[in-house]
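For reference, the structure discussed in these notes is given below.
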Amino acid sequence: MSPRSARKARPEPAPSTASSSRPTLLLAWYDRHRRRLPWRAMPGEASDPYRVWLSEIMLQQTTVKAVGPYFEKFVARWPDVTALGSASQDDVLRMWAGLGYYSRARNLYACAVAVTRDHGGVFPDTEEGLRALPGIGPYTAAAIAAIAFDRHTMPVDGNIERVVSRLFAVEEELPQAKPLIQQLATTLLANARAGDSAQALMDLGSSICTPKKPACSLCPLTEDCAARAQGTQETFPRKAPKKSGTLRRGAAFVVTRGDELLVRSRPEKGLLGGMTEVPGSDWLAGQDDDEAKRQAPALKGLSRWQRRVGVVTHVFTHFPLELVVYTAKAEARTRAPAGMRWVPIATLAGEALPNVMRKVIAHGLGLPPAASS
DNA sequence: GACCCGTGGCA
DNA sequence: TTGCCAAGGGT
């Protein structure tokens, strides 16, 4: 084995010339193939910081397809940051229901209030200023600074991590490799058009340099890609395998009073914070059904509890959940226990119901599983 | 750094 | 089916 092949392979990058530098190739590709997205300014147009910010928050760990309708709903109802800052948190949460990661909605609202009250309704135009706002971390601050204000900074998201780790065949595992990847990604910034450089990498990552079966033949940087030269592009980025959580079990109680349903709000902090739910037991690993059922709400004038056949399952990021569903009917004018309320079943669509609760209610009421919107 | 926090699509 | 992944942030 020759000394060269024994090394961790790192092929020499092709020498770049002024006319074929990576940032230039990238922008040329972007100008031909950029996606048209609702929050993205047309070429030559100034971008609206409010729309950039709103889209960046919604896009955190969330696909473009899922965000689209939510973004349209939000800007239609709240066309600028001052309008959003003047809304109520409940309205914002209701509008966000179904998108997931609900702390984003609370921080979104807190941020709009802060910008309205502390910044005269104008977003800070520096990374540091943005970083100080609720819900804006290192990535989002850099993204807004680059895209909305053309600051010379490179946001690094999952797409860019993948593109860069392949381009330079970064052997170090994530998340330890983040500083190195940030440094390498910054070399891909064009002197002008920082925001377009970043969006070019994101578009490249989502449409060409995909996690599986990347379309290397269509990539403007294919001649320059270290992983491609080794044929190992799908193995990047390197990362340690992650462990899955332990199954938790619990019970949920679907109580109806005529055409109304008994619900309550979850605590502000923590899992599904501030969202609406039907009363239920704790969700614990190893909990048996009898123990969970003992946590049923106490109401007067209730018919017998009926256990629905089957269970509702849901998988959160850190654990799978299995819920047994019990139903009962309450007599007319039965009072809701403290902290709970009756809501008309017809208006449930407007409630801040996370998907797991939509499943529970559908199961409890004997409805078909809601067609995913 | 390790955990926590949703949901939908994909192979 | 199970696991991975998606424009991350907060604690």
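Each chain gets a letter, A, B and so on, in the order the sequences are listed, and its residues count up from 1. Note that these values count all heavy atoms, side chains included, but never hydrogens, waters or copies made by symmetry.
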Among C:dA6, B:dC5, B:dT7, which is the nearest nucleotide to the side chain of A:L271? B:dC5
Whole-Å distance between C:dC5 C1' and A:E234 CD? 13 Å
List the steps and the verdict of side chain to side chain donor-acceptor pair (under 3.5 Å) for A:R307 and A:T327. CA-CA 6 Å; A:R307 179 177 168 168; A:T327 63; over 6 Å; no
Any donor-acceptor pair under 3.5 Å between the side chain of A:Y101 and the base of B:dG6? yes
Phosphate oxygens OP1/OP2 of C:dG8: is one of them under 4.0 Å from a side-chain N or O of A:Q60? no
What do you reckon, is CZ of A:R341 surrounded by more than 12 foreign heavy atoms closer than 6.0 Å? yes
Using the P atom as the point on both nucleotides, what is the distance between B:dG6 and C:dT1, in whole Å? 24 Å
Could you tell me how far apart A:Q182 (CD) and C:dG8 (P) are, to the nearest whole angstrom? 14 Å
Specify the separation, in whole Å, of atom CZ of A:R35 and atom C1' of C:dA6. 11 Å
For A:R131 and A:T126, test the side chains for any donor-to-acceptor distance below 3.5 angstrom and give the result as yes or no. no
Between C:dA6, B:dT7, C:dG9, spot the one nearest the side chain of A:T140, thanks. C:dG9
Does a side-chain N or O of A:H314 approach OP1 or OP2 of B:dT7 to a distance below 4.0 Å, or not? yes
So do A:E72 and A:P38 actually touch side chain to side chain, heavy atoms under 4.5 Å? yes
Take the protein atom CZ of A:R104 and the nucleotide atom P of B:dC4, then report the distance between them rounded to whole Å. 19 Å
What integer distance in Å separates A:W96:CH2 from C:dG9:P? 12 Å
Rounded distance (Å) that lies between atom C1' of C:dC5 and atom CG of A:D157: 12 Å
Regarding A:K239 and A:E173, does a basic nitrogen lie under 4.0 Å from an acidic carboxylate oxygen? no
Presence of A:N107 side-chain N/O under 4.0 Å of C:dG9 phosphate oxygens OP1/OP2: no
A:I136 or A:V64, whichever maps to the more 5' nucleotide of DNA chain C: A:V64
If you only use heavy atoms from C-beta on, which nucleotide in C:dA6, B:dC5, B:dG6 is closest to the side chain of A:F319? B:dC5
With rounding to the closest Å, how many angstrom separate the P atoms on C:dT2 and B:dC5? 22 Å
Per atom distances to the A:R131 side chain, the nearest of C:dA6, B:dT7, C:dG10 is C:dG10
Taking B:dG1 as the reference, what is the distance to C:dA6 when you measure between their C1' atoms (whole Å, please)? 23 Å
Hey, would you say the A:W78 and A:Y50 ring centroids sit under 6.0 Å apart? no
How many Å lie between CE on A:M58 and C1' on B:dG8, as a whole number? 16 Å
Just so I know, are the side chains of A:D259 and A:P344 near enough to count as touching, which here means a heavy-atom distance under 4.5 Å? no
Please give, in whole Å, the distance from B:dT7 C1' to A:Q61 CD? 11 Å
Would you measure the distance from the P atom in C:dG9 across to the matching atom in B:dG8 and give it in whole Å? 22 Å
Of C:dG8, C:dT11, C:dC5, the nucleotide closest to the side chain of A:K269 is C:dT11
Which residues within residues 190-204 of chain A lie with some heavy atom under 4.0 Å of an atom in DNA chain C? A:M202
Residue closer to the 5' end of DNA chain C, A:G135 versus A:E56 (nearest nucleotide): A:E56
Please check if the distance between the ring centroids of A:F71 and A:F74 is under 6.0 Å. no
Counting heavy atoms from C-beta on, name the nucleotide in C:dG9, C:dC5, B:dG8 closest to the side chain of A:P138. C:dG9
